[in-house]
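Contents: one structure, followed by commentary.
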Amino acid sequence: MRKIVVILFSMCMLMSFCPKESQWDDVGIAVVLHISGPIDETLNGGMPHAPIKLPSVYIDEHILSVIGTHPDYLVRIVDNNDVLYETQMPSTVNNIILPSALSGDYQIQLIWDNWMFYGWITL
């Protein structure tokens, strides 16, 4: 009897650690982002800044999703240093639809203040 209780308790504990379904399930392919921004980390009176958090970005066909809260971004689609598409993504929006006329491999840039997050996507 004690073994059954221990097994049931263990199963309940494991189930509590399993990811739960959320509004962000099946949002597409994760975009690996890199960061480019101010080199000097002691701006603002010499006080060091906390590390900047990369946004969680996904692409599903032509839908770009930013997971969770985020600042206002300027979103750019770039090909060979040419900006093909540019739009604002307000902090109140988590998904934007990119133009269906774009097809191929592109650099995506999310620009906020002096920071640029960039990665590569296939549309």
[X] with [Y], same ILVMFWY side-chain cluster at under 4.5 Å:
{"X": "Val66", "Y": "Ile96", "value": "yes"}
{"X": "Ile59", "Y": "Leu84", "value": "yes"}
{"X": "Leu74", "Y": "Ile108", "value": "no"}
{"X": "Ile77", "Y": "Leu33", "value": "yes"}

Inset, instruction - Mind checking side-chain hydrogen bond (donor to acceptor under 3.5 Å, both in side chains) for Gln107 and listing every partner two or more places apart, or none if nothing turns up? - result: Gln109
Legend entry - Option among Val31, Asn95, Ile67 that satisfies the side-chain contact (heavy atoms from CB on, under 4.5 Å) test with Tyr58: Ile67
Inset, instruction - Might you work through the side chain to side chain contact (heavy atoms under 4.5 Å, CB included) test for Val75 and Ile111, ending with a clear yes or no? - result: CA-CA 6 Å; Val75 178; Ile111 299 167; over 6 Å; no
Inset, instruction - Check ring-ring contact (aromatic ring centres under 6.0 Å, His included) between Tyr118 and all other residues, then give those that pass, not counting sequence neighbours. - result: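 Tyr118 satisfies ring-ring contact (aromatic ring centres under 6.0 Å, His included) with His34, Trp120 only.
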Selection [range] - residue pairs positive for salt bridge (charged side-chain N to carboxylate O under 4.0 Å, His left out), sequence neighbours left out:
{"range": "residues 96-112", "answer": "none"}
{"range": "residues 67-86", "answer": "Arg76-Glu86"}
{"range": "residues 107-122", "answer": "none"}

Inset, instruction - Walk me through it: do Ile121 and Leu98 pass the test side chain to side chain contact (heavy atoms under 4.5 Å, CB included)? - result: CA-CA 12 Å; Ile121 61 172; Leu98 302 173; 4.2 Å; yes
Inset, instruction - Please test Ile35 against Leu54 for side chain to side chain contact (heavy atoms under 4.5 Å, CB included), starting from the C-alpha separation and ending with a verdict. - result: CA-CA 8 Å; Ile35 189 169; Leu54 293 172; 4.0 Å; yes
Inset, instruction - Determine yes or no for a side-chain-to-main-chain donor-acceptor pair under 3.5 angstrom, with His62 supplying the side chain and Leu102 the backbone. - result: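 Yes.
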Inset, instruction - Taking Asp60 for its side chain and Ile29 for its backbone only, find out whether a donor-acceptor pair lies under 3.5 Å. - result: no
Inset, instruction - With sequence neighbours excluded, give me every ring pair (Phe, Tyr, Trp, His ring centres under 6.0 Å) pair touching residues 72-96. - result: His70-Tyr73
Legend entry - Heavy-atom closest contact (Pro71 atom, Ser91 atom, distance): C-CB, 3.9 Å
Inset, instruction - Go through Val57 and Val32 one step at a time and tell me if the side chain to side chain contact (heavy atoms under 4.5 Å, CB included) criterion holds. - result: CA-CA 8 Å; Val57 177; Val32 177; over 6 Å; no
Inset, instruction - List, by chain and then residue number, the residues other than Val83 in its hydrophobic cluster (Ile/Leu/Val/Met/Phe/Trp/Tyr, side-chain heavy atoms under 4.5 Å); write none if there are no others. - result: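 Cluster partners of Val83: Val78.
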